[in-house]
Amino acid sequence: MLVNERIEKEIEKASEEHLYYVMANKALFGSPDNFSTVQYMNSKNIRNQVKFNELLHAKLVQLVDKNGIYLDFGVGPGFLEYVNNNSKQKLHLTTVEWEPQVDCFSSIRKSFDVDVNYLANNILEDDFEIRNCETFYDYVILQRFFPIYKTVDKKRISDVLKKFTPYGKYALVVEADVNWSKSQWDYILSITEKRTKVFGKWNIFKINLEQFK
């Protein structure tokens, strides 16, 4: 397993620095969209995400495509990137973060030595854009991506996925089965080319974005 004594110390350091960062920048975390990001003041939450992303990383290497180029959208604290940087088998991984949340995770990313390569505005806006992104990626990773699962509207799922068609060939939606409604579940399965279990009820849904053009 990745989480050894050195990693444990880095996790503890990252959570402590995030605690001080939140205390010093309370206004930044006051909005409903940003408040949940304070959870990483708790080292247990960071540790759990590192362990989960270790499993996810292994699935991407073994079962998806170890030679593909990946765009990780909504990188947040950079858990997958942190795992990738500490793994022997490296993925070609590029990061995107939402402009409203980019500062919320800056202390953790600094602790983890993870950079944000691109910024993007709100995916639900008509003028959505990943700024200055000219590369076409094999896969766009959407892990715990609430614009897709926090809706009862199948049309919004397709509308959101359609916005990634200029940036990648496939979307990899990483989500727990229990977070889908029945209609969402039926729809997500209908558009999924392959479903790969990560752990427990968590799966990778490999979706060809060509169908949304």
Side-chain angles (χ1 to χ4, degrees), residues 33-34 37 53 56-57 59-61 63-85 90-106 109 114-175 179-180 183-196 198 203-213:
D33 288 340
N34 293 349
T37 63
N53 276 272
L56 174 59
H57 184 274
K59 294 297 183 182
L60 295 176
V61 170
L63 300 177
V64 180
D65 186 354
K66 67 180 179 180
N67 297 315
I69 58 173
Y70 293 82
L71 185 65
D72 190 8
F73 189 85
V75 59
F79 296 123
L80 184 59
E81 288 69 22
Y82 180 62
V83 168
N84 193 52
N85 291 342
K90 300 274 194 302
L91 295 172
H92 187 294
L93 196 58
T94 303
T95 62
V96 184
E97 184 53 291
W98 305 68
E99 289 169 332
Q101 285 196 345
V102 67
D103 292 334
C104 294
F105 301 110
S106 61
R109 287 196 305 268
V114 170
D115 295 324
V116 171
N117 302 112
Y118 302 117
L119 293 177
N121 58 340
N122 192 333
I123 186 68
L124 301 179
E125 298 295 333
D126 292 337
D127 63 348
F128 170 75
E129 177 186 11
I130 300 177
R131 318 287 191 202
N132 303 313
C133 180
E134 298 179 354
T135 302
F136 189 75
Y137 289 84
D138 295 315
Y139 308 97
V140 180
I141 302 171
L142 305 174
Q143 183 182 170
R144 302 168 71 197
F145 195 63
F146 69 85
I148 286 181
Y149 73 83
K150 282 193 175 180
T151 176
V152 295
D153 187 354
K154 292 186 292 185
K155 184 178 184 300
R156 191 172 97 170
I157 295 176
S158 61
D159 286 347
V160 167
L161 291 173
K162 183 176 183 178
K163 291 179 182 179
F164 288 110
T165 57
Y167 303 107
K169 183 177 181 181
Y170 288 95
L172 300 178
V173 176
V174 183
E175 194 50 66
N179 281 343
W180 304 104
S183 62
Q184 284 177 311
W185 179 254
D186 292 341
Y187 179 65
I188 206 76
L189 288 183
S190 73
I191 61 175
T192 294
E193 184 174 293
K194 182 180 180 181
R195 180 160 59 107
T196 301
V198 180
N203 283 283
I204 304 169
F205 299 84
K206 182 181 177 183
I207 300 169
N208 192 328
L209 293 172
E210 288 285 328
Q211 63 191 296
F212 300 104
K213 287 186 175 180

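These figures come from a predicted structure and were not determined experimentally.
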With rounding to the nearest 0.5 Å, note down the distance linking [atom1] in [X] to [atom2] in [Y].
X: T165; Y: F212; atom1: OG1; atom2: CZ; value: 9.5 Å
X: I123; Y: W98; atom1: CD1; atom2: CH2; value: 6.0 Å
X: F79; Y: R144; atom1: CZ; atom2: CZ; value: 7.5 Å
X: L209; Y: K163; atom1: CG; atom2: NZ; value: 14.0 Å
X: I141; Y: L80; atom1: CD1; atom2: CG; value: 5.0 Å
X: L91; Y: I69; atom1: CG; atom2: CD1; value: 12.0 Å

Counting only N and O atoms by type, is there a donor-acceptor contact under 3.5 Å from the side chain of [X] to the main-chain atoms of [Y]?
X: N208; Y: E210; value: yes
X: R156; Y: L124; value: no
X: E97; Y: G76; value: yes
X: Y70; Y: D65; value: yes
X: K154; Y: S183; value: no
X: D72; Y: L93; value: no

Heavy-atom check, side chain of [X] versus side chain of [Y], under 4.5 Å:
X: Y170; Y: D138; answer: no
X: Y187; Y: S158; answer: yes
X: V173; Y: F145; answer: no
X: I188; Y: I207; answer: yes

| task | Check whether more than 12 heavy atoms from other residues, nucleotides or ligands sit under 6.0 Å from atom NZ of K169, and answer yes or no. | result |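 No, the 6.0 Å shell around NZ holds no more than 12 heavy atoms from other groups.
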
| message | Would you say that more than 12 heavy atoms from the other residues, nucleotides or ligands in this model lie under 6.0 Å from the CD of E134, or not? | response |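 Count not over threshold, so no.
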
| task | Take I157 and Q184 through the test side-chain contact (heavy atoms from CB on, under 4.5 Å) and record every step on the way to the result. | result | CA-CA 9 Å; I157 295 176; Q184 284 177 311; 4.1 Å; yes

| Going by distance alone, is a donor N or O of one side chain under 3.5 Å from an acceptor N or O of the other, for T95 and N117? |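 Indeed, the side chains of T95 and N117 share at least one donor-acceptor pair under 3.5 Å.
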
For [X] and [Y], which heavy atoms make the closest approach, and how far apart are they?
X: K66; Y: V61; answer: CB-O, 3.4 Å
X: G168; Y: V140; answer: CA-CG2, 4.1 Å
X: R131; Y: Y118; answer: O-CD2, 3.4 Å
X: N34; Y: Q101; answer: OD1-CG, 3.1 Å
X: R195; Y: L189; answer: NE-CD2, 3.7 Å
X: P166; Y: F136; answer: O-CD1, 3.5 Å

| side-chain contact (heavy atoms from CB on, under 4.5 Å) with L142: which of L172, L161, L71, V174? |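 Answer to the side-chain contact (heavy atoms from CB on, under 4.5 Å) test with L142 among L172, L161, L71, V174: L161.
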
| query | Checking side-chain contact (heavy atoms from CB on, under 4.5 Å) for the pair T37/F105: CA distance, chi angles, key distance, verdict? | reply | CA-CA 8 Å; T37 63; F105 301 110; 3.2 Å; yes

| field | CA sep, side-chain torsions, deciding dist, call: V102, L119, side-chain contact (heavy atoms from CB on, under 4.5 Å) | value | CA-CA 8 Å; V102 67; L119 293 177; 3.7 Å; yes

| Under the side chain to side chain donor-acceptor pair (under 3.5 Å) criterion, do E175 and N179 qualify, and how do the steps go? | CA-CA 7 Å; E175 194 50 66; N179 281 343; 2.6 Å; yes

| field | Sole candidate of H57, H92, K90 that passes side-chain hydrogen bond (donor to acceptor under 3.5 Å, both in side chains) when paired with N84 | value |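 Single pass found, and it is H57.
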
| message | Taking the six-membered ring for Trp, are F164 and F73 closer than 6.0 Å centroid to centroid? | response |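 Yes, ring centres under 6.0 Å apart.
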
